[in-house]
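One structure is given here, and the rest of the page talks about it.
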There are 4 protein chains.
Amino acid sequence: MMIETESRAQVRTRERHERILDAALDVIVSRGYQATAVSDIATAADTSKGGVYFHFPGKDAIFLALIDRSARLLRERVIARIGAETDPTRRLDAALGALVDVFGTHRRLTRLFLVETPGAGPRFYTKTLELHGDFIEIIAAELDAAVAAGTIAPHDTRLIAQAWFGAINEVVSQWAVDTSPHPLGESLPGLRGLLLRGVGMAVS
Amino acid sequence: MMIETESRAQVRTRERHERILDAALDVIVSRGYQATAVSDIATAADTSKGGVYFHFPGKDAIFLALIDRSARLLRERVIARIGAETDPTRRLDAALGALVDVFGTHRRLTRLFLVETPGAGPRFYTKTLELHGDFIEIIAAELDAAVAAGTIAPHDTRLIAQAWFGAINEVVSQWAVDTSPHPLGESLPGLRGLLLRGVGMAVS
Amino acid sequence: MMIETESRAQVRTRERHERILDAALDVIVSRGYQATAVSDIATAADTSKGGVYFHFPGKDAIFLALIDRSARLLRERVIARIGAETDPTRRLDAALGALVDVFGTHRRLTRLFLVETPGAGPRFYTKTLELHGDFIEIIAAELDAAVAAGTIAPHDTRLIAQAWFGAINEVVSQWAVDTSPHPLGESLPGLRGLLLRGVGMAVS
Amino acid sequence: MMIETESRAQVRTRERHERILDAALDVIVSRGYQATAVSDIATAADTSKGGVYFHFPGKDAIFLALIDRSARLLRERVIARIGAETDPTRRLDAALGALVDVFGTHRRLTRLFLVETPGAGPRFYTKTLELHGDFIEIIAAELDAAVAAGTIAPHDTRLIAQAWFGAINEVVSQWAVDTSPHPLGESLPGLRGLLLRGVGMAVS
DNA sequence: GATGAATGAGCTTTCATTCAT
DNA sequence: TATGAATGAAAGCTCATTCAT
């Protein structure tokens, strides 16, 4: 039953790992991926270049690990929010609100994978597609459920989900990049009206 | 009456200028901005590094000139398409179709400024906002006209335009990045239904 | 008897030649030789790079012509001043005053060949020796005359002339480089006392 | 009691630092500052460009560190020689001899800062003034002491020191640049006579 | 495990020089 | 004669990565 224990050393290793990713998030979000040197990350993580390379095979790997960790966190938050509802209609609505909300409350993570990732170069195109794809899947699943429940008419739910995600993405990205922004929440009602009505749901 | 003439030399200079931008488009679209060296552009333009630097003050300037030229072209095409209609309702519909269509028929330009520009680094964030802003303005103007004509109910047209653009952007970008894509046109009806219904228009 | 006439074209050529040297003096004195580009000279001379290369075979040649012209001018001024005296003792004194005076009233030329020339690189070492040598010869000649006239005791006049020139050079150079300098003339009495007494002359 | 120890690594770092400066001295003295590339220094130091840049922030910094080190060494030697005497008159005489001697026995260092530094460009003018100023101060201090002791009459000692330094500088520089020179020591008696007599001291 | 010195390929940019017009 | 577009050889500098300690 010692399954979940970790040795002292393992704990330290994992902590170092996390500390490096935290540092990488900081500097990459403020400078951009290309402009960030590995030594910047090392300094910010209070370690050395060699230390970074002990934990990660290279700069790309740090970035990939970082966006995976970030995407996972965002995804979990969104899924948790949706899971609180059971009725398909409300779940669909909740999904929309959850996305806007979660992105809005995690500005740096949002910027990381809505802005930095696509811009980090063609090497990461596939990753970008995957990341977006995950969220699109979440939306599509709710749309499918709503269709199955008869709440909305049949659609090409994959395409609709893509469009939803894109609409949210643009609004959120501009907000994330903008320097003097109003709260993102203000945009939710307008978006909600557009996207729900767009699939034929009545909007209160 | 010699107003519009150019000397032989001026013509050659302008041609070289264009040739460099054409070459830059080629290599930047296929490799990404950061991974593109000035010498790559020079080689592709069949000139030398020094030649490139004679025409442009630096790498950034090439990129900016390139995205300006590309954005202008796309914008003109879209505006021309919309201008063919006079009825506000049809213009709004036309705008949507025009965007999808123009982006779909200029894949490289689309990729350049929907994918490369945001990813070229924080230095270009402002430019990205501007570029997107231009197209959002176009959409917003048509939405405003439709509201004024009573075709659709009043909305926060700036936000709606942003969302429209984002929806189109995502669908188009995935298509632009995807390696084995179906024609983009197939996505239009679905998008059209979503976005027009979203603002309260009946969709045939 | 048409020996001294010049065709219109020759006049223009010579004027252009001079104009380029004037421009070169301007920019080299303010930026330094290495930091001066040929195109800087061309611009300052209100011509083109090709124009400059028509008149001079290369950048080095411009610099050499410039320091030759400058040195000649300074030398002529000094010689003229000395020539006004006939008594060997007064000539020696006049030489000293002339050097300080001429350098002091031609600050840019002075800087050019007391500061820029030695620093323009080993390529110009020989030239520097020559330039200094010319002035040292002038001094040595007057010293020799004074020795011959019995005004001063025999010395290694070449060495003394070198030292005189060096003393003047240092004082003048510091003055030429210094940003907020007193008039150079203030230094003359002190220098005069040192150098004349140094060769055994009584100083009033 | 471990105050003065250095770790093995620190020693190695300092040695590398010195090795780079040694190499820089070699190549700069033979080629001139501008004509020396960082990679030349790297090669001469048996390391790589990156290695050089690890120890110094840039080319200018190498040069500045080098002339500082060189000037310090020359200064120390001169001060040591003067310090061996106590009588003001003999100290003044010793200062003169020390300068000629030290410069004469460190030809490369002498060339570095009497010839290369002024010529390295306007960026280094201030440094040149400083370097010369240090030696001028040393001379001026001895002159002041001699004045205070009544050995010589009052003078503008700063100016006299400048002139002394200039005289020595010129003689030494010509010797340093000249390709087939006689020993510098031969020039000392002549200089000594000129400069000491110049301030009113009897010369044996 | 961690450090940081070292490597070296590669980048952007500059500029003396040439030459077709 | 004059122009300025073009060339191409450097140059200074950066940085991902390696590795002896």
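Note that these values count all heavy atoms, side chains included, but never hydrogens, waters or copies made by symmetry. Just so we're on the same page: letters track the sequence lines, and every chain starts at 1.
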(message) Taking the minimum atom-to-atom distance to the side chain of D:Ser48, which one of E:dA16, E:dA6, F:dG4 wins?
(response) E:dA6
(request) Can you run through DNA chain F from 5' to 3' and write each base as (, ), [, ], | or . depending on how it pairs? Watson-Crick or G-U wobble, both distances under 3.5 Å. (result) .||||||||||||||||||||
(message) When you measure from the side-chain N and O atoms of D:Ser39 to the phosphate of F:dG12, is any distance below 4.0 Å, counting only OP1 and OP2?
(response) no
(message) Heavy-atom nearest nucleotide on DNA chain F for D:Gly50 versus C:Gly50: which residue maps closer to 5'?
(response) C:Gly50
(request) Provide, to the nearest angstrom, the distance between the CZ atom belonging to C:Phe54 and the C1' atom belonging to E:dT18. (result) 15 Å
(message) A side-chain contact here means heavy atoms from C-beta on lying under 4.5 Å apart; do D:Leu109 and D:Leu25 qualify?
(response) yes
(message) Heavy atoms only, 4.0 Å cut-off, all strands: where does D:Lys59 land among base, sugar-phosphate and nothing?
(response) sugar-phosphate
(message) Are B:His55 and B:Ile62 packed together at the side-chain level, in the sense that at least one heavy-atom pair is separated by less than 4.5 angstrom?
(response) no
(message) For A:Tyr53, give me all partners under side-chain hydrogen bond (donor to acceptor under 3.5 Å, both in side chains), at least two apart in sequence or on another chain.
(response) none
(message) Tell me the interatomic distance from C:Leu64, atom CG, to E:dA16, atom P, rounded to whole angstroms.
(response) 15 Å
(message) Closest-nucleotide mapping onto DNA chain E: is A:Val52 or D:Gly51 further toward the 5' terminus? I mean the 5' end.
(response) A:Val52
(request) For atom CZ of B:Arg108, decide whether the heavy atoms of other residues, nucleotides or ligands shown that lie under 6.0 angstrom number more than 12. (result) yes
(request) Return the nearest nucleotide to the side chain of A:Arg12; candidates are E:dT3, F:dA6, E:dG1. (result) E:dG1
(request) Determine, step by step, whether D:Arg69 and D:Asp22 satisfy the salt bridge (Lys or Arg N to Asp or Glu O under 4.0 Å) criterion, reporting the C-alpha distance in whole Å, the side-chain angles of both residues, the deciding distance to 0.1 Å, and the verdict. (result) CA-CA 10 Å; D:Arg69 190 184 75 164; D:Asp22 292 341; 2.8 Å; yes
(message) Whole angstroms only, please: what is the CD-P distance between B:Gln34 and E:dG10?
(response) 17 Å
(message) By the 4.0 Å heavy-atom rule, please label D:Tyr53 as base, sugar-phosphate, or nothing.
(response) base
(message) Side chain of C:Lys49 only, heavy atoms from C-beta on: which candidate in F:dG12, E:dT13, F:dA6 is closest?
(response) F:dA6
(message) Of the options E:dC15, F:dA2, E:dT7, whose atoms approach the side-chain atoms of C:Arg16 most closely?
(response) F:dA2
(request) Identify the two heavy atoms, one from C:Arg16 and one from C:Thr47, that lie closest to each other, and give their separation to 0.1 Å. (result) NH2-OG1, 4.0 Å
(request) Nearest whole angstrom, please: distance from the C1' of F:dG4 to the CD of B:Glu15. (result) 17 Å
(message) OP1 or OP2 of F:dA2 versus the side-chain N and O atoms of C:His55: is any pair under 4.0 Å?
(response) yes
(message) Taking any heavy-atom pair under 4.0 Å as a contact, classify D:His17: base, sugar-phosphate, or nothing.
(response) nothing
(message) With nearest nucleotide decided by heavy atoms, which residue, A:Ala37 or B:Thr47, maps closer to the 5′ end of DNA chain F?
(response) B:Thr47
(request) Give the rounded distance in Å between these two atoms: CD1 of C:Ile41 and P of E:dA16. (result) 8 Å
(message) Distance check needed: E:dC15 P versus C:Ile62 CD1, whole Å only.
(response) 14 Å
(message) If the cut-off is 4.0 Å, is D:Thr13 near the phosphate of E:dG4, judged by side-chain N/O to OP1 or OP2?
(response) no
(request) Whole angstrom is fine here: how far is it from CG in A:Asp40 over to P in F:dT14? (result) 12 Å
(message) What is the separation between atom CG on C:Asp46 and atom C1' on F:dG4, rounded to the nearest whole Å?
(response) 15 Å
(request) Determine the interplanar angle of the B:His17 and B:Phe56 rings, folded into 0 to 90°, and report it as parallel if under 30°, tilted if 30 to 60°, perpendicular if over 60°. (result) tilted
(message) Applying a 4.0 Å non-hydrogen cut-off, can you work out what D:Thr36 is touching in the nucleic acid: base, sugar-phosphate, or nothing?
(response) sugar-phosphate
(request) Kindly assign one of parallel, tilted or perpendicular to the pair C:His132 and C:Phe113, based on the angle between their ring planes and the thresholds 30° and 60°. (result) perpendicular
